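First up is the structure itself, then whatever we jot down about it.
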Amino acid sequence: MNNDEQYMQRALQLAALAGVEAAPNPMVGAVIVLNDQIIGEGYHKKCGEPHAEVNAVNSVLDKSKLKESTIYVTLEPCAHFGKTPPCANLLVEHRFKRVVIATVDPFAKVAGKGIELLKNAGIEVTVGCLEKEARELNKRFLTFHQKQRPFVILKWAQSPDGFIDGERTDTETATIRWISQPETQVLTHQWRTEEQAILVGWKTLLNDNPSLTARAFTGKNPLRVVIDPNLKAPENAKVFTDNEPTIVFNRHQSAILGSVEWIQLKDFSASMILHQLYLRNILSVIIEGGRYTTQTFIDAQLWDEARVIIGQNNLNGGTSAPVISKTPSKNVTFGKDSIYFYYNL
């Protein structure tokens, strides 16, 4: 790595500290360098709070040094008034010598305007340093603004012989049949903390009665989303009784009762469900539904990543796993399980 890349790498490390707390804003980090020494750092910690550039500038005690300094920012500084003032104006105000930017902001109110403002002020601007890494970090934010939908992750566990659930009788509902090993649950709950929402169909509530929280890992619980057109999910399901926020898409009512919001829809296509989440500023959703729900998003080509966990024991029948007509990009061994990763590029 050259010097620019080293400092930008540090900015990316800082940006990642925010995680889902930054949403629906992007994760952004900033590093201020003078004479090959870092004199200031900052990152955007939470939506509504100061941006990375502001926190980095505020961390420098002697502001007179800024006019001779370079600031490394993982995303183009904003040029519009939102919940906070424009960061590009702040950099112009302090007359930074140089600004190094990893990638352009796709948000329509920025999208090159911040860079233009800096250049018009006579500041040297470099764009594209570790761009690939920066875009990977903010793939949820980029997808949201470029495709007008959340970033979609599919996740399920299946047996080696291709089933996600065994045969069930009418008395075997509301019971989770674990396919993966207990240690894998910690990883999957970590995945939940990284996304804003988690989505299932009504039959998953009937069969498994899951909590859909991140209780096995420290982090923020995702917003729970249930597709239940005809309100068939059990009224005593955990997601309706534990006081955690839940949205239910259905065709019968719009109402709010406690922590549960029912939203009436006529169209339950994958595109409409994602559009509804987009309207609510949800940058990302992890889908942990059954075969029907998951396959609906696969068939509509409305997914970005899939994480398929393969357990050890065959089920010898039951509900078949969803089918992706792609070759996995990688697989890893996690404890006794194997995890296959697919990318819909």
Side-chain angles (χ1 to χ4, degrees), residues 19-20 23 136 139-140 143 149-160 162-165 176-205 207-217 219-227 238-239 246 270 273-274 277 282-312 315 318-345:
V20 75
E136 172 64 21
K139 57 191 176 185
R140 296 161 181 83
T143 296
R149 66 163 174 82
F151 188 88
V152 177
I153 298 173
L154 309 175
K155 172 260 167 181
W156 71 85
Q158 68 180 60
S159 61
F163 296 95
I164 60 172
D165 196 5
I176 296 177
R177 289 177 167 176
W178 295 104
I179 293 175
S180 57
Q181 301 300 305
E183 59 267 28
T184 308
Q185 185 185 42
V186 178
L187 176 63
T188 59
H189 283 208
Q190 177 185 344
W191 290 346
R192 290 177 179 179
T193 68
E194 295 168 354
E195 314 309 330
Q196 274 187 281
I198 183 170
L199 183 147
V200 299
W202 68 271
K203 205 162 188 179
T204 294
L205 302 190
N207 287 342
D208 298 341
N209 192 21
S211 296
L212 303 178
T213 61
R215 60 197 177 278
F217 192 84
K220 188 175 182 179
N221 288 328
L223 171 69
R224 299 175 302 196
V225 179
V226 181
I227 302 175
K238 291 177 183 176
V239 298
T246 303
I273 296 298
L274 293 182
L277 296 181
I282 301 297
L283 296 194
S284 65
V285 57
I286 185 165
I287 296 176
E288 296 193 21
R291 178 187 167 84
Y292 178 83
T293 299
T294 303
Q295 196 68 51
T296 297
F297 286 86
I298 294 172
D299 292 345
Q301 285 295 307
L302 289 173
W303 62 281
D304 299 286
E305 293 183 10
R307 303 166 184 176
V308 181
I309 301 166
I310 310 293
Q312 285 191 305
L315 292 178
T319 303
S320 298
V323 177
I324 292 179
S325 58
K326 285 181 176 289
T327 302
S329 297
K330 66 176 180 178
N331 69 283
V332 299
T333 299
F334 192 85
K336 297 178 181 179
D337 297 326
S338 297
I339 307 175
Y340 289 81
F341 293 83
Y342 298 78
Y343 301 99
N344 192 23
L345 303 176

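Computed from heavy atoms alone, side chains included, the values below leave out hydrogens, waters and symmetry copies. Note that the structure is predicted; figures quoted are calculated from it, not measured. Just so you know, residue 1 is the first one in the sequence shown, and it goes up from there.
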Heavy-atom closest pair, residues [X] and [Y]:
X: A23; Y: L283; answer: CB-CD1, 4.1 Å
X: R192; Y: A214; answer: CB-CB, 4.4 Å
X: G335; Y: E183; answer: CA-OE2, 3.7 Å
X: G311; Y: P160; answer: O-CG, 3.2 Å
X: I179; Y: A157; answer: CD1-O, 3.6 Å
X: A300; Y: A270; answer: CB-CB, 4.0 Å

Nearest-0.5 Å distance, [atom1] of residue [X] to [atom2] of residue [Y]:
X: L212; Y: L199; atom1: CG; atom2: CG; value: 9.5 Å
X: I287; Y: I227; atom1: CD1; atom2: CD1; value: 7.0 Å
X: T193; Y: I198; atom1: OG1; atom2: CD1; value: 11.0 Å
X: S320; Y: D165; atom1: OG; atom2: CG; value: 11.0 Å
X: W156; Y: I324; atom1: CH2; atom2: CD1; value: 4.0 Å
X: K155; Y: W191; atom1: NZ; atom2: CH2; value: 7.5 Å

Does the pair Y343 and K330 meet the rule for a side-chain contact (heavy atoms from CB on, under 4.5 Å), with working shown?
-> CA-CA 10 Å; Y343 301 99; K330 66 176 180 178; 3.5 Å; yes
Using the test side chain to side chain contact (heavy atoms under 4.5 Å, CB included), find all partners of [X] that sit at least two apart in sequence or belong to another chain.
X: T246; answer: R224, V226, V239, F240, V248, V260
X: I282; answer: Q196, A197, L223, L277, R280
X: T204; answer: V200, D208, P210
X: K238; answer: N209, S211

Side chains of F297 and I273: closer than 4.5 Å at any heavy-atom pair?
-> yes
Please list all pairs passing the side chain to side chain donor-acceptor pair (under 3.5 Å) test where one or both residues lie in residues 331-342, with sequence neighbours left out.
-> T184-D337
Using the side chain to side chain donor-acceptor pair (under 3.5 Å) rule, collect all pairs that involve residues 298-310, keeping only residues at least two apart or in two chains.
-> K139-E305, R149-D304, Q295-D299, Q301-N344, E305-R307
Step-by-step side-chain contact (heavy atoms from CB on, under 4.5 Å) determination, Q158 to I309 | CA-CA 6 Å; Q158 68 180 60; I309 301 166; over 6 Å; no
Does any N or O in the side chain of R140 come within less than 3.5 Å of the main-chain N or O of F151, such that one atom is a donor and the other an acceptor?
-> no
G290 backbone acceptor or donor facing T293 side chain under 3.5 Å = no
Around atom OH of Y292, are there more than 12 heavy atoms of other residues, nucleotides or ligands at under 6.0 Å?
-> no
